[in-house]
Amino acid sequence: MDPVLSLKKVGFRYDGFWAIRDLDLDVKPGELLAVLGPNGSGKSTLLKVVDGILTPQEGEVLLKDRPVSGYTRSDVAKEVAMVAQETHFYFSFSALEVVLMGRFPRLGRFQFEGARDMEAASRALQATQCLDLAERSIHELSGGEKQRVLIARALAQEPTVILLDEPTSFLDLRFKKEIFDLISSLTHERGLSVVVVSHDIDLASQYCDRMVMLKDGRVYSTGVPEEVITASNIKAVYECPVIIDKNPAAGSPRVSLV
């Protein structure tokens with residue numbers, strides 16, 4: 001199966017400092033891919049390059065076998081949706097209004113949302129179990145509720161690929177599980193390709209099909225969770241000794257600090 005997204009020897013630098021370098025990566029249709037690594041390893045930069053927000057100085061990003069550089073911003077947004085780590089709203093938009101923002105790439109200039117856009121927003125709210133939140137202000141929602149609404153906004157774009165930058169940051173255990181349950185179902189039931197940057201190694205190893213571990217902007221290890229989440233890899237990348245065993249319920253790798 002051909003990848004929906006490919007990075008070929010991609011490098012990006014900020015003022016001479018290489019955030020990512022010589023990076024090769026493929027994302028397959030219907031795959032849930034985790035990107036791991038300590039702070040400063042290039043995870044968020046990688047997502048911004050994939051989304052077309054940043055243009056790499058080296059290599060190229062291919063989306064459906066076409067260079068992202070050849071797409072307009074609107075065309076990229078029709079294929080790739082980003083859920084950023086932090087999203088602030090200065091006005092008290094309702095959850096429905098926030099989700100409808102995801103329809104902007106599919107509207108013409110000066111065009112208002114129509115019946116099809118409302119249907120897409122409603123389906124997205126239903127898929128993320130947010131229909132009961134539709135009329136509530138985004139400022140009134142809990143962290144987990146807001147995160148589900150932001151994922152609904154991404155779904156309303158009707159993308160092929162969804163990028164999530166640390167979607168479980170600042171959430172309690174219940175909402176962390178809910179978000180990963182949601183991400184997993186969207187991937188495997190809808191055939192979306194999802195790339196999630198996460199510091200929750202145990203949850204990522206439990207839910208993700210494949211993992212990429214970055215160190216200093218380069219791929220240090222990639223493969224299924226059992227291949228990537230090893231004591232030697234964690235020590236080398238995170239500079240922290242750990243013990244790896246199996247989650248007794250899921251059978252996935254589990255990390256314990258020494």
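Of the inter-residue distances, the one linking L5 atom CG with L25 atom CG reads 7.0 Å to the nearest 0.5 angstrom. Once rounded to the nearest 0.5 Å, the distance linking CG of D165 with CE of M82 reads 6.5 Å. Note that the OG atom of S94 and the CZ atom of R136 stand 12.0 Å from one another [nearest 0.5 Å]. Rounded to the nearest 0.5 angstrom, E97 CD and S92 OG are separated by 8.5 Å. Remark: S193 OG to L186 CG distance equals 12.0 Å, nearest 0.5 Å. The line from OH of Y220 to CZ of R218 is 14.0 Å long, rounded to the nearest 0.5 Å.
Heavy-atom minimum distance, L7 versus L46: CD2-CD1, 3.2 Å. Here the shortest heavy-atom pairing between Y14 and A19 reads CE1-CB, 3.5 Å. The shortest non-hydrogen separation linking C208 to P225 is O-CG, 3.6 Å. The two atoms that bring L171 and G144 nearest to each other are CD2-N, 3.5 Å, heavy atoms only. Taking all atoms of both residues into account, the shortest heavy-atom contact from F89 to R153 is CZ-NH1, 3.8 Å. In plain terms, the two heavy atoms of R190 and A127 that are nearest each other are NH2-CB, 3.1 Å.
When side chains are defined from C-beta on, L23 does not count as touching F12, because their heavy atoms never get closer than 4.5 Å. Counting heavy atoms from C-beta outward, T128 and L155 have side chains that approach closer than 4.5 Å. By the 4.5 Å heavy-atom criterion applied to side chains, I179 and I151 are counted as neighbours. The closest side-chain heavy-atom distance from K235 to V242 is not below 4.5 Å. Between P167 and V196, some side-chain heavy-atom pair lies under the 4.5 Å cut-off. Side chains of V197 and L164 form no contact here, defined as non-hydrogen atoms less than 4.5 Å apart. With contacts defined as side-chain heavy-atom distances shorter than 4.5 Å, the pair V83/Q147 qualifies. Between V161 and V27, every side-chain heavy-atom pair lies at or beyond the 4.5 Å cut-off.
Proximity of a side-chain donor or acceptor of T222 to a complementary backbone N or O of M211 within less than 3.5 Å is detected. E79 places no side-chain N or O within 3.5 Å of a backbone atom of V76 that could act as its donor or acceptor partner. With hydrogens and angles disregarded, no donor-acceptor distance shorter than 3.5 Å links the side chain of S184 to the backbone of F180. Panel note: side chain R148, backbone A152; no donor-acceptor pair is recorded below 3.5 Å. Judged purely by atom type and a 3.5 angstrom limit, E31 uses its side chain to pair as donor or acceptor with the backbone of K28. R103 contributes a side-chain N or O that, together with a main-chain N or O of A156, makes up a donor-acceptor pair within less than 3.5 Å. Side chain of S205 to backbone of I201: a donor-acceptor contact under 3.5 angstrom is found. No donor-acceptor pair closer than 3.5 Å links the side chain of N233 to the backbone N or O of A236. Looking only at distances, no side-chain donor or acceptor of H199 sits under 3.5 Å from a matching main-chain atom of L36. Side-chain N or O atoms of D26 include none that pairs as donor or acceptor with a backbone N or O of S6 at under 3.5 Å.
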Is there a salt bridge (Lys or Arg N to Asp or Glu O under 4.0 Å) between K8 and D24? Walk through the geometry before answering. CA-CA 5 Å; K8 305 291 187 184; D24 288 315; over 6 Å; no

Step by step, work out the side-chain contact (heavy atoms from CB on, under 4.5 Å) result for L33 and D209. CA-CA 6 Å; L33 176 72; D209 303 308; over 6 Å; no

Criterion side-chain contact (heavy atoms from CB on, under 4.5 Å) on L131 and S122, from CA distance to verdict: CA-CA 7 Å; L131 273 176; S122 179; 4.1 Å; yes

Test side-chain contact (heavy atoms from CB on, under 4.5 Å) applied to V49 and V10, step by step: CA-CA 9 Å; V49 167; V10 168; 4.0 Å; yes

Can you list the steps and then say if L47 with V195 is a side-chain contact (heavy atoms from CB on, under 4.5 Å)? CA-CA 8 Å; L47 293 190; V195 180; 3.9 Å; yes

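In the model, T72 has no side-chain atom that pairs as donor or acceptor with a side-chain atom of S74 under 3.5 Å.
Remark: R116 engages E158 in a salt bridge, criterion side-chain N to carboxylate O under 4.0 Å. We find that E226 and K246 are not joined by a salt bridge, their nearest charged nitrogen and carboxylate oxygen being 4.0 Å or further apart. Between D200 and K176, at least one side-chain N (NZ, or NE/NH1/NH2) sits under 4.0 Å from a carboxylate O, which counts as a salt bridge. In this structure, R174 pairs ionically with E178, as a charged nitrogen and a carboxylate oxygen lie closer than 4.0 Å.
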Would you mind writing out the side-chain donor-acceptor pairs for residues 51-60 within the sub-3.5 Å range, not counting sequence neighbours?
{"from": "Q57", "atom 1": "OE1", "to": "R13", "atom 2": "N", "distance (Å)": "2.9"}
{"from": "Q57", "atom 1": "NE2", "to": "R13", "atom 2": "O", "distance (Å)": "3.3"}
{"from": "E58", "atom 1": "OE1", "to": "R21", "atom 2": "NE", "distance (Å)": "3.0"}
{"from": "E58", "atom 1": "OE2", "to": "R21", "atom 2": "NE", "distance (Å)": "3.4"}
{"from": "E58", "atom 1": "OE2", "to": "R21", "atom 2": "NH2", "distance (Å)": "3.0"}

Under 3.5 Å, sequence neighbours excluded: what are the donor-acceptor pairs made by side chains of residues 250-258?
{"from": "R254", "atom 1": "NE", "to": "D245", "atom 2": "OD1", "distance (Å)": "3.0"}
{"from": "R254", "atom 1": "NH2", "to": "D245", "atom 2": "OD2", "distance (Å)": "2.8"}

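No continuous path of hydrophobic side-chain contacts links V212 to Y207 [ILVMFWY only; heavy atoms under 4.5 Å]. Both L133 and F91 belong to a common hydrophobic cluster when Ile, Leu, Val, Met, Phe, Trp and Tyr are linked at side-chain heavy-atom distances under 4.5 angstrom. Hydrophobic clustering (side-chain heavy atoms under 4.5 Å, transitive across Ile, Leu, Val, Met, Phe, Trp, Tyr) groups V35 together with L63. V224 and L32 fall into different hydrophobic clusters, where Ile, Leu, Val, Met, Phe, Trp and Tyr residues are linked whenever their side-chain heavy atoms come under 4.5 Å apart, directly or through other members. Put simply, L182 and F170 are part of two different groups of oily side chains (I, L, V, M, F, W, Y) that touch within less than 4.5 Å, one to the next.
Enclosure of atom NZ in K48 is not indicated, since only 12 or fewer non-hydrogen atoms of other residues, nucleotides or ligands lie within 6.0 angstrom. Atom CD of E140 is surrounded by more than 12 heavy atoms from other residues, nucleotides or ligands within 6.0 Å. Residue D216 qualifies as open at atom CG: its count of foreign heavy atoms under 6.0 Å is 12 or below.
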